[in-house]
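Structure record follows, encoded as structure tokens.
We count ligands from 1, going down the list as the structure has it; atoms in each ligand are counted the same way. Given the structure is predicted, the values throughout are model-derived calculations rather than measurements. Residue indices begin at 1 and follow the sequence shown.
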Amino acid sequence: MSEEIQENAKEDILQTARRIIGLGPICDSCLGRQFAMLSTGLTNLERGRSIKTVLAMQAASSGDMQLLEELAPSFRSARLKLGRIGEEDARCIVCLGEMRPENLVAWAEKANVALQGREYSTILVGTRMSGLLAENEELLLADGGSRHAEPFKSELNREVGKRLSAKTAKEVDLKNPDVIVHLNLEKGEVELQIASLFIRGRYKKLIRGIPQTRWPCRECHGRGCPRCGGTGRMYQESVDELIRPAVMEAALAEDTVFHGAGREDIDARMLGTGRPFIVEAVRPRVRSIDLAELQKAINEETDGKVEILQLEKADIAMVERLKEAAFVKTYSALVALGSEISEEKLKLVLKELVGSIDQRTPTRVTHRRADKLRVRKVYSADLIEISGNSARINIRGDSGLYIKELISGDGGRTKPSLSEALNVDAVVVELDVMDVGGESDGTSSWNAKEDQR
Ligand SMILES: [Zn+2]
Ligand SMILES: [Zn+2]
């Protein structure tokens with residue numbers, strides 16, 4: 001049985017190859033690529049050369065002059081048989097010369113030049129096809145009829161990748177390369193896609209009144225207007241912008257993007273163990289950074305406004321986890337009460353707040369968020385100190401729990417609330433975040449599962 005199938009397959013390949021040769025001059029690579037899926041351990045160039053060799057010998061033995069004539073423009077051995085000496089290969093009608101070995105070397109050299117002055121350890125080559133070559137490839141598949149072809153792009157990526165890897169002594173990485181080199185066939189240019197560099201850590205925000213990230217002006221959306229004094233932003237500083245210059249300088253990056261594990265209110269400090277964050281250096285030239293040095297530089301530059309802890313290398317997958325993680329948080333709230341309350345009563349009432357809380361979207365954010373009822377948990381509510389009408393309370397609760405409303409009741413939109421339970425007004429005067437992600441030392445906060453208590 002297998003002999004019969006092999007016989008058919010062999011016949012099929014040579015018939016298909018002959019049909020393809022009849023379409024016009026085709027280089028060894030483009031011919032071999034039509035049968036790439038049938039064998040391994042060979043380049044398409046070797047496959048194509050082998051097929052042409054067999055066809056030329058068949059033509060010679062059977063006196064098939066037409067086949068020899070068709071082979072001649074792209075096969076030197078056929079030309080010699082026909083006495084056509086000193087004639088060069090004709091241009092391939094499929095790749096238009098793109099697959100010529102010297103052209104592959106030229107692409108690798110172009111990429112190597114573009115990569116100069118940039119630190120990277122892994123690469124991948126990609127191809128941006130031109131319309132003309134894409135059309136040629138389609139026509140070849142339609143008119144040639146091979147069912148075993150490999151895409152043009154795959155071969156070019158692989159062949160240039162091999163040569164570039166040899167030239168630069170850097171590994172090819174199919175999944176997470178530091179650099180993707182795109183060969184733009186339309187423009188004949190190399191375009192570099194540089195993977196961002198990710199650094200994780202925790203930040204403390206030691207002052208009130210600054211947001212976590214850059215905040216474009218509501219009026220002008222960043223262009224600059226009278227309202228923002230031409231700066232284009234609502235706030236002149238942010239945690240993001242305070243740490244940015246040192247990161248830009250260390251990585252020689254073109255920009256940074258700040259990813260926080262949630263965010264505190266602008267008027268809340270972030271104290272205690274700090275909040276997990278990841279800073280992304282965009283198009284970095286340097287990838288091996290002394291993180292202890294960077295941390296020191298950031299903490300010097302932020303001028304006591306922000307403090308960075310525990311800088312470590314991160315990756316893009318951690319950004320996803322950071323965004324998805326539902327962190328348990330501990331807050332410290334300074335609360336003003338409508339009248340004096342005894343310590344015993346306040347302690348008793350705080351115990352009642354532990355458990356499930358029904359919160360409608362707070363009045364203060366309904367203009368930008370849909371009005372929904374959410375159920376969040378309070379894990380603990382402890383009185384730290386009380387003096388007259390003023391009490392400091394530590395609250396540990398689910399991610400997304402609105403603390404100001406838990407205290408005030410927000411006109412009955414949060415139930416239960418401290419105000420309702422005491423039957424007096426209660427307002428948060430100052431709010432600080434003390435911990436994000438539990439008592440962890442920072443490591444477990446990166447695992448979303450562990451934080452979902
Ligand atoms: Zn070709
Ligand atoms: Zn503005």
Side-chain angles (χ1 to χ4, degrees), residues 16-37 42-53 55-56 70-79 87-108 125 127-146 148-163 183 185-186 188 210-211 213-238 240-241 266:
T16 304
R18 180 157 190 186
R19 192 162 54 239
I20 292 169
I21 296 285
L23 298 173
I26 185 166
C27 71
D28 296 349
S29 294
C30 287
L31 179 61
R33 193 169 63 251
Q34 301 309 300
F35 308 99
M37 302 315 194
L42 291 171
T43 63
N44 286 331
L45 186 143
E46 287 165 337
R47 271 183 208 105
R49 171 74 44 106
S50 308
I51 291 168
K52 285 182 185 174
T53 305
L55 285 178
E70 285 172 0
L71 279 166
S74 62
F75 194 46
R76 183 166 170 270
S77 171
R79 290 200 293 276
E87 198 177 310
E88 293 294 308
D89 274 355
R91 190 162 81 144
C92 171
I93 57 161
V94 181
C95 70
L96 309 177
E98 207 60 72
M99 285 295 178
R100 282 179 299 127
E102 57 270 33
N103 197 61
L104 301 174
V105 170
W107 272 122
V125 172
T127 292
R128 297 195 165 130
M129 289 290 274
S130 69
L132 187 58
L133 289 180
E135 193 178 79
N136 287 352
E137 187 182 24
E138 269 176 43
L139 288 175
L140 177 61
L141 275 179
D143 298 342
S146 171
H148 313 287
E150 175 192 26
F152 177 89
K153 273 181 173 190
S154 308
E155 179 176 8
L156 191 62
N157 294 347
R158 184 178 58 247
E159 293 302 325
V160 175
K162 271 194 273 185
R163 288 162 176 81
L183 315 177
L185 300 186
E186 195 88 61
I210 59 173
T213 50
R214 280 163 250 180
W215 192 321
C217 171
R218 233 175 252 143
E219 293 283 317
C220 67
H221 305 286
R223 286 188 305 274
C225 70
R227 184 199 163 128
C228 58
T231 61
R233 49 196 59 187
M234 300 288 285
Y235 295 87
Q236 301 318 308
E237 285 185 322
S238 59
D240 165 19
E241 287 158 295
I266 291 172

Check your understanding: Given Gln34 and Thr16, is the side chain to side chain donor-acceptor pair (under 3.5 Å) satisfied, shown in steps?
Key -> CA-CA 9 Å; Gln34 301 309 300; Thr16 304; over 6 Å; no

Point to revise | Cut-off under 2.8 Å, centre the Zn ion (ligand 2), protein N/O/S atoms | key: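 Listed by chain and number, the atoms are Cys217 SG, Cys220 SG, Cys225 SG, Cys228 SG.
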
Point to revise | By side chain to side chain contact (heavy atoms under 4.5 Å, CB included) - contacts of Arg47 (at least two apart) | key: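 Arg47: side chain to side chain contact (heavy atoms under 4.5 Å, CB included) contacts with Ala36, Ser39, Leu42, Asn44.
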
Check your understanding: So which pairs with a foot in residues 97-107 pass side chain to side chain donor-acceptor pair (under 3.5 Å), sequence neighbours left out?
Key ->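 The answer is Glu98-Asn103, Glu98-Trp107, Arg100-Glu102.
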
What are the two closest non-hydrogen atoms of [X] and [Y], and how far apart are they?
{"X": "Ala149", "Y": "Leu141", "answer": "CB-CD2, 3.8 Å"}
{"X": "Cys30", "Y": "Met99", "answer": "SG-CG, 4.4 Å"}
{"X": "Arg18", "Y": "Leu55", "answer": "N-CD1, 4.2 Å"}

Review point. If the Zn ion (ligand 1) is the vertex, what is the angle to SG of Cys30 and SG of Cys27, rounded to 10 degrees?
Key: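 Between SG of Cys30 and SG of Cys27, the angle at the Zn ion (ligand 1) is about 100°.
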
Practice item. If you have a sec, read the angle at the Zn ion (ligand 1) from Cys92 atom SG over to Cys95 atom SG, to 10 degrees. Key: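 Between SG of Cys92 and SG of Cys95, the angle at the Zn ion (ligand 1) is about 110°.
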
Point to revise | Any residue meeting side-chain hydrogen bond (donor to acceptor under 3.5 Å, both in side chains) with Asp28, in chain and number order, not counting sequence neighbours | key: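 So Asp28 forms a side-chain hydrogen bond (donor to acceptor under 3.5 Å, both in side chains) with Arg49, Lys52.
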
